[in-house]
S.K.: 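Below is the structure I would like to discuss, written out as structure tokens.
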Amino acid sequence: MCRGHDGNDHTDAQFVLTTIAVFVPLIFMSGIAGAIFMDQAFSITVGLMISYITGIMLLPVLYLLFYKVGIRSKGFLSRRFDNLLKNEWLESFYDKGIDWVFSHKKLCVTGTLATLPLCVFLFYVMEKERMPQIDQNELVARIEWNENIHVDENNRRVDDLMKQVDDRVTEHAAYVGMQDYILNGGSELSSTEAELYFKTEKPSGIYSLQELLEKEIREKYPLAVVTFSPPETIFEKLFVTGEADVVAELHTANKSQAPDAEHLQRLEKEITRVAGNIPTGIAFRNQMNLIINKEKLLLYNVSYDELTRVLRTAFKENKVSVLRSYQQYLPISIAGEEKSVNSVLSETLVRTMADGNGEVNHIPLNNLVTVVPAEDLKSITAGKNGEYIPLSFYDVKDAPELMRNVKEVVSEERNGKWISRVVSFRMKNDGELTVILFVSLLLMYFILCAQFESFLQPLIVLMEIPIDTAFALLALWVFGHTLNLMSAIGIIVTCGIVVNDSILKMDAINELRKAGMPLVEAIHTAGRRRLRAIIMTSLTTVFAMVPLLFTSDMGSEMQKPLSIAMIGSMVVGTLVSLFIIPLIYWFIYRKHDKNEVH
């Protein structure tokens, strides 16, 4: 019968549960990132559970069989080699380190407490974004000229822009006007739109290229609306990194009244002036409104229905049927020859209703209809709260301040025509990550309470988390990275891994104190016993992250902030687990130096 020692079984289970406690809350993240991390969390959870079951059930049996068969005494496997982690220099390093910490208690405690404001300071100072920046040497500019122009004029303007930037790019291409692609999955271009593609030699040339294009377009075509984005890759489709930082949704207070174009343009300029950020402009289109004079309809005895029918026919809007052939639907309309609006109105006649004598006359349309030039929205955006006008802001430095400014401008608008709803995707992500971190800490606390049978000792273990987080943020800042979704995930995941070292140390201290060993001696002995296990745990995690720092593909670029955050946390967390956590333990229990743990 094979019987194993179960002294460390509860510690092994603790490792599994604390790590799972970190990954489980990731399931509740929203969007495609949440879906991806849900798969990651599920796979790691299952892997940890299988690893734990294998460790307590299968490995002891294999170990017994290994020695029964006598493999250890044969061939290459019988050769011994020196393990660097078992040499005396490692224990000597630990002894010197723990002696120095205990001889400089006040300095170490002060430094530990100083990491708390450092963590808060770095969190607010560091630049935040949704996803890590990936070096791109490609740029797509989508232009809506916002004017009634022919496709030839559209081509001329695009050619002019291409000549301006020809010496800055290695490749360029353009879609101008409507495209006739059967498999086109994106939004179609109109005759007044163009989509331009540019590729530079180095990623550093993209920013200056974008500035030049924006300057040229704003100076020569002030009505144009231009948006810049990287080309659609798999990464862009999954994480939508081109999404605006802040979107202001302007809802009309009176749903039955259409928004006035002139009023919208004035409101957009006022928001730009107050907020200091230029939003993506609202696209308008020029149109001609036909206003029917109802008094003249009565005067000339013309039916309103007859007049609208004639107008629809004259302007090719009189749809009579639809021809269906396999997957094609072709509308059939009654129309006349191509003419200008004024020619149509002057040459087209509408029949009057019969008078008392049964006579019928014909009246030109221009006697009954007036043409008025006007502007209207090119597209209508709607959501769960109804129709709204979107104002998108990019490269926002202070999202809360921008949101307050936009709401202030809209609220001061006379007659209360608008109701604003400002959405910050950056703050939404920050809020989600904050909730995830809080839930993870709460789960770890309750698990540790069950492990140590104490409400105080789990707090000692969790005190390591703000220290490690501060140095993770510091490492990100030093290497020029931002606080984004990937780096935040790295910090959260490391919090679950690095506390395992402290659990090992404190569990060994508790066992030695229960055996009757004095507090200080128990701290030193537990440190030497668990030293190699702690070092090996940290080294395996760090070495697993190192390859991501030296590769340049898209996946590695995305994972690089996560790697830096985890390496920074693990290196500092190992030192904290070895030296600082025992010091905090000693401060709390120095007055209770007894055989039992309180």
Side-chain angles (χ1 to χ4, degrees), residues 136-201 205-233 236 242 261 265 268 278-288 315-317 328 330-331 333 335 337-344 371 373-381 390 392 394:
Q136 294 271 7
N137 64 336
E138 297 174 301
L139 180 69
V140 173
R142 183 156 185 161
I143 305 172
E144 162 57 54
W145 299 111
N146 229 1
E147 299 177 59
N148 282 336
I149 60 173
H150 194 268
V151 67
D152 293 337
E153 173 63 15
N154 196 344
N155 270 317
R156 188 195 65 79
R157 294 183 179 186
V158 170
D159 289 339
D160 185 49
L161 287 175
M162 292 296 189
K163 291 176 182 177
Q164 295 288 336
V165 300
D166 194 50
D167 58 336
R168 294 173 176 258
V169 299
T170 57
E171 296 178 23
H172 58 71
Y175 286 140
V176 179
M178 292 183 288
Q179 310 298 316
D180 191 14
Y181 294 124
I182 296 176
L183 299 179
N184 183 18
S187 56
E188 297 182 356
L189 300 177
S190 66
S191 60
T192 62
E193 290 179 298
E195 191 172 271
L196 283 61
Y197 166 81
F198 303 95
K199 184 176 181 180
T200 59
E201 186 175 355
I206 290 293
Y207 183 73
S208 59
L209 175 64
Q210 181 174 330
E211 281 190 331
L212 177 61
L213 287 171
E214 194 167 7
K215 179 181 177 183
E216 288 288 328
I217 293 172
R218 291 193 181 278
E219 287 181 354
K220 295 182 178 180
Y221 313 105
L223 297 178
V225 176
V226 57
T227 56
F228 297 97
S229 64
E232 276 199 339
T233 59
E236 295 294 330
Q265 291 171 345
E268 182 182 0
I278 301 176
T280 300
I282 305 171
F284 294 95
R285 64 179 179 184
N286 295 327
Q287 63 184 25
M288 304 184 77
F315 291 104
K316 302 181 180 181
E317 292 292 333
Q328 294 183 345
L330 302 175
S333 301
E337 298 179 358
E338 289 284 348
K339 296 179 182 179
S340 65
V341 175
N342 291 327
S343 299
V344 170
V371 180
E375 279 186 319
D376 198 4
L377 291 170
K378 187 171 184 179
S379 60
I380 298 175
T381 307
S392 301
Y394 295 86

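Since we're looking at a predicted model, the values are computed, not measured.
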S.K.: What distance separates Thr192 OG1 from Glu153 CD, expressed to the nearest 0.5 Å?
M.R.: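 Thr192 atom OG1 to Glu153 atom CD measures 12.0 Å (nearest 0.5 Å).
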
S.K.: Just checking Glu214: does its CD atom have more than 12 heavy atoms from other residues, nucleotides or ligands closer to it than 6.0 angstrom?
M.R.: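 Counting other residues, nucleotides and ligands, CD of Glu214 exceeds 12 neighbours.
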
S.K.: Do Glu147 and Arg157 have side chains that approach each other closer than 4.5 Å (heavy atoms only, starting at C-beta)?
M.R.: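 Answer yes - side chains close enough.
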
S.K.: Say you draw a straight line from CG of Leu196 to CG of Leu213; how long is it, rounded to the nearest 0.5 Å?
M.R.: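 Going from the CG atom of Leu196 to the CG atom of Leu213 covers 7.5 Å.
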
S.K.: Once rounded to the nearest 0.5 Å, what's the spacing between atom CD1 of Ile217 and atom CD of Gln164?
M.R.: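 Between Ile217 CD1 and Gln164 CD, I get 11.0 Å after rounding to 0.5 Å.
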
S.K.: For the pair Ile143 and Val225, evaluate side chain to side chain contact (heavy atoms under 4.5 Å, CB included) and give the outcome as yes or no after the intermediate values.
M.R.: CA-CA 6 Å; Ile143 305 172; Val225 176; over 6 Å; no

S.K.: Backbone N or O of Glu193 within a donor-acceptor pair of the Asn154 side chain at under 3.5 Å?
M.R.: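 Yes, because the side chain of Asn154 sits within donor-acceptor range (under 3.5 Å) of the backbone of Glu193.
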
S.K.: Can you find a pair of side-chain heavy atoms, one from Glu201 and one from Asn137, that are under 4.5 Å apart?
M.R.: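 Answer no - side chains too far apart.
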
S.K.: State whether Lys220 and Glu216 are salt-bridged, where the test is any N-O pair (Lys NZ or Arg NE/NH1/NH2 against Asp/Glu carboxylate O) under 4.0 Å.
M.R.: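 Yes, charged N to carboxylate O under 4.0 Å.
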
S.K.: Is any side-chain heavy atom of Phe228 closer than 4.5 Å to a side-chain heavy atom of Leu139?
M.R.: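 Yes - at least one pair of side-chain heavy atoms lies under 4.5 Å apart.
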
S.K.: Under the criterion side chain to side chain contact (heavy atoms under 4.5 Å, CB included), I'd like the reasoning laid out for Glu171 against Phe198: C-alpha separation, chi angles, the key distance, then a yes or no.
M.R.: CA-CA 6 Å; Glu171 296 178 23; Phe198 303 95; over 6 Å; no

S.K.: Nearest 0.5 angstrom please: Leu209 CG to Lys199 NZ, how far?
M.R.: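 Rounded to the nearest 0.5 Å, the CG-NZ separation comes out at 14.0 Å.
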
S.K.: Just how far is it from atom CG of Leu161 to atom NE2 of His172, taken to the nearest 0.5 Å?
M.R.: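 Interatomic distance, Leu161 CG to His172 NE2, rounded to 0.5 Å: 11.0 Å.
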
S.K.: Would you give the length of the straight line joining atom OG1 of Thr200 to atom CZ of Arg168, rounded to the nearest 0.5 angstrom?
M.R.: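 Between atom OG1 of Thr200 and atom CZ of Arg168 there are 11.0 Å.
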
